[in-house]
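For reference, the structure is listed below as structure tokens.
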Amino acid sequence: NTCFSVPINLCSGTTFTASIQGTYASVQWLRNGQPIQGATGNSLTISSLGAYTVSIDGGSGCAGGLCCPLFVRESTDGCCVNPVCIPITV
């Protein structure tokens, strides 16, 4: 498996939801490598720019170790506000 990240363009004042599938004992979302307070569910509503990852069951990355960061950047020519499910693997 190979993972890749497709940047998400976010317009000011908009949000979108990233989610993981499955049932886990513990989930912790991180932004720019730092835990997001209270972000411990299977989905996360994102409204800030940054690199998002998720730690599952106390591991350093997604289940199986194949979680790519989700890069959220400022939109300059359009917005992507569709739900996003990570990890994306090929």
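Here the CG atom belonging to L10 is positioned 7.5 Å from the OG atom belonging to S47, to the nearest 0.5 angstrom. From T23, atom OG1 reaches atom CG of D57 across 10.0 Å, with rounding to the nearest 0.5 Å. Going from atom CD1 of I8 over to atom CG of L70 covers 5.5 Å, rounded to the nearest 0.5 Å. The distance from atom CH2 of W29 to atom OG of S43, rounded to the nearest 0.5 Å, is 7.5 Å. Atom CZ of F71 sits about 9.5 Å away from atom OG1 of T53, to the nearest 0.5 Å.
No donor-acceptor distance shorter than 3.5 angstrom exists from the side chain of N42 to the backbone of S19, with no hydrogens or angles considered.
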Expected list for residues 31-38: side-chain donor-acceptor pairs under 3.5 angstrom, two or more places apart:
from	atom 1	to	atom 2	distance (Å)
R31	NE	L49	O	2.8
R31	NE	Y52	OH	3.4
R31	NH2	L49	O	2.7
N32	OD1	A51	N	2.9

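In this structure, the side chains of E74 and N9 stay at 4.5 Å or more apart for every pair of heavy atoms. Inter-residue side-chain proximity for S55 and V27 is flagged as unmet; no heavy-atom pair is nearer than 4.5 Å.
Tracing side-chain contacts under 4.5 Å through hydrophobic residues (I, L, V, M, F, W, Y), one never reaches L30 starting from I46; they form parts of separate clusters.
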| Test log, rule side chain to side chain contact (heavy atoms under 4.5 Å, CB included), inputs T40 and S26 | CA-CA 7 Å; T40 57; S26 66; over 6 Å; no
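Every side chain to side chain contact (heavy atoms under 4.5 Å, CB included) that T45 has, sequence neighbours left out, goes to T15, T17.
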